[in-house]
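Both counts, for ligands and for their atoms, begin at 1 and track the order of listing. Atom set for the values below is all heavy atoms of this structure, side chains included, hydrogens, waters and symmetry mates excluded. Predicted model only: the values in this text are computed from it and were never measured. Note that the numbering runs from 1 along the sequence shown for the chain.
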Amino acid sequence: MNYEAFFKSALDGLRSEGRYRVFADLERQRGCFPRAKRYVGDDAHDVTVWCSNDYLGMGQHPTVLAAMHEALDACGAGAGGTRNISGTNHYHILLEQELADLHRKEAALIFTSGYVSNWATLSTLAAKMPNCVVLSDSGNHASMIEGIRHSGAERVIFRHNDPEDLDRKLAQIPADRAKLVAFESVYSMDGDIAPIAELCDVADKHSAMTYLDEVHAVGLYGPRGGGIAEREGLMDRLTVIEGTLGKAFGVFGGYIAGSAAMCDFVRSFASGFIFTTALPPAVAAGARASIRHLKTSQLERARHQERVAKVRRRLDAIGIPTMANPSHIIPVMVKDPVKCKQISDWLLDRHNIYIQPINYPTVPRGTERLRITPSPLHSNEDIDALVGALHELWSQCALARSSAAA
Ligand SMILES: *Cc1c(COP(=O)(O)O)cnc(C)c1O
């Protein structure tokens, strides 16, 4: 086999389908969020980032950075081992206590990333519980899907955010089988929110475990940043709450929270937890500082919601079609992969505005979009520039406006 030719032809296939991914070469500038330096060949210039998952700018918060500097100076760079073999650092223990408290659970367990926490936990639970069947929302993230697949357990997909469909599907499964219902709170591409109470009601009715991915909600919702389940007073109804330390908390890593026995079970059986080097202590310290800050400060959450509402209002006023949803994610619908990429390129090259195009397979064909994530640190001038640029490019690409346009 000609290996190189194989790799190249597979990549050509992606290119011809418009699915080849091009990364923007950025250097984030501490203290200047949402500004970053963009490298183009030997040149570098400032761009405004409108698609970051550092939703609150906590990745540059002075409290977070101070905690990381302190831990780095105290402990050095790496953890020095897996959690089991010399890698457990006191900062890991403190972080897990902080997370258990955040979700009002007995325990928490940290992982190398949110992806790994979903993958390792779902694959371990579903594989080890005898004769387990997993009920998976059709909109679930790749990390959950891969974890469930890896478990080898039977999987039943229920219609997105549909408790009645879940009820029907659970009713067909023998009562004595182990059942795990896996879903998310805020879905990252459409920005819609699960009916958590109704899904938990159905799960309870059939004695099923519940597993909630709150990756796009922790830090952002609830009086202490515990997520949508905290906001709605539902944290105690979930068997497992999973989250990331890399999005609104602005650092890196993932976790689960739940009962002491469940966390101890995953700690003891999950290959993706056991056989990998622990998070650097400074990362754990930074994440903990971010969580602690957002447990008491409402400033960032309030300003975030205000900025989101303002961007939505301004786009509505000029008829730029957005997908309606109750969250902080603003999907601007282009519905054409070539135009979506073109608008994104023009925003970057002509207006120094960075919004990555979202095309198939991340979203279904025909729903290509620009996913805008306003932060508390985007200024009125940033919003003016964004709205002005989209107004101009929308006309240039001859895209339809929504009828709500003034
Ligand atoms: C980003 C994401 C993850 C993975 O979290 P990381 O910490 O980035 O690995 C898990 N679930 C959902 C829904 C996500 O969007």
(message) Which option wins on minimum heavy-atom distance to atom 6 (P) of ligand 1: A142, G114, G139?
(response) G114
(request) Please confirm whether K247 comes under 4.0 Å of ligand 1, counting heavy atoms of the residue only. (result) yes
(message) Using a 4.0 Å cut-off to any heavy atom of N118, which atoms of ligand 1 qualify?
(response) 10 (C), 11 (N)
(request) Could you label the plane-to-plane angle of the H328 and Y221 rings as parallel, tilted or perpendicular, counting under 30° as parallel and over 60° as perpendicular? (result) tilted
(request) With heavy atoms of E184 as the reference, note each atom of ligand 1 found under 4.0 Å away. (result) 13 (C)
(request) Tell me which protein heavy atom sits closest to atom 7 (O) of ligand 1, plus the residue, atom name and distance to 0.1 Å. (result) T244 OG1, 2.6 Å
(request) Please identify which atoms of ligand 1 are closer than 4.0 Å to at least one heavy atom of Y115. (result) 4 (C), 5 (O), 6 (P), 9 (O)
(request) Compute the ring centroids of W119 and H150, then answer whether they are less than 6.0 Å apart. (result) yes
(message) Salt bridge check, K341 against D345: does any charged N sit closer than 4.0 Å to a carboxylate O?
(response) yes
(request) Assess whether ring-ring contact (aromatic ring centres under 6.0 Å, His included) is satisfied between Y255 and F111, documenting all intermediate values. (result) CA-CA 5 Å; Y255 67 90; F111 296 80; 9.1 Å; no
(message) Heavy-atom contact check, 4.0 Å cutoff: does S143 meet ligand 1?
(response) yes
(request) Would you please indicate yes or no on a ring centroid separation below 6.0 angstrom for F183 and H160? (result) no
(request) Would you mind running through ligand 1 and noting each atom that sits below 4.0 Å from a heavy atom of D213? (result) 10 (C), 11 (N), 12 (C), 13 (C)
(message) Please compare E214, E242, H216 and report which has the shortest non-hydrogen distance to atom 15 (O) of ligand 1.
(response) H216
(message) For Y55 and H304, take the angle between the two ring planes, folded into 0 to 90°, and tell me which bin it lands in: parallel under 30, tilted 30 to 60, perpendicular over 60.
(response) tilted
(message) Whether D382 and R35 form a salt bridge (side-chain N of Lys/Arg under 4.0 Å from carboxylate O of Asp/Glu) is what I want to check.
(response) yes
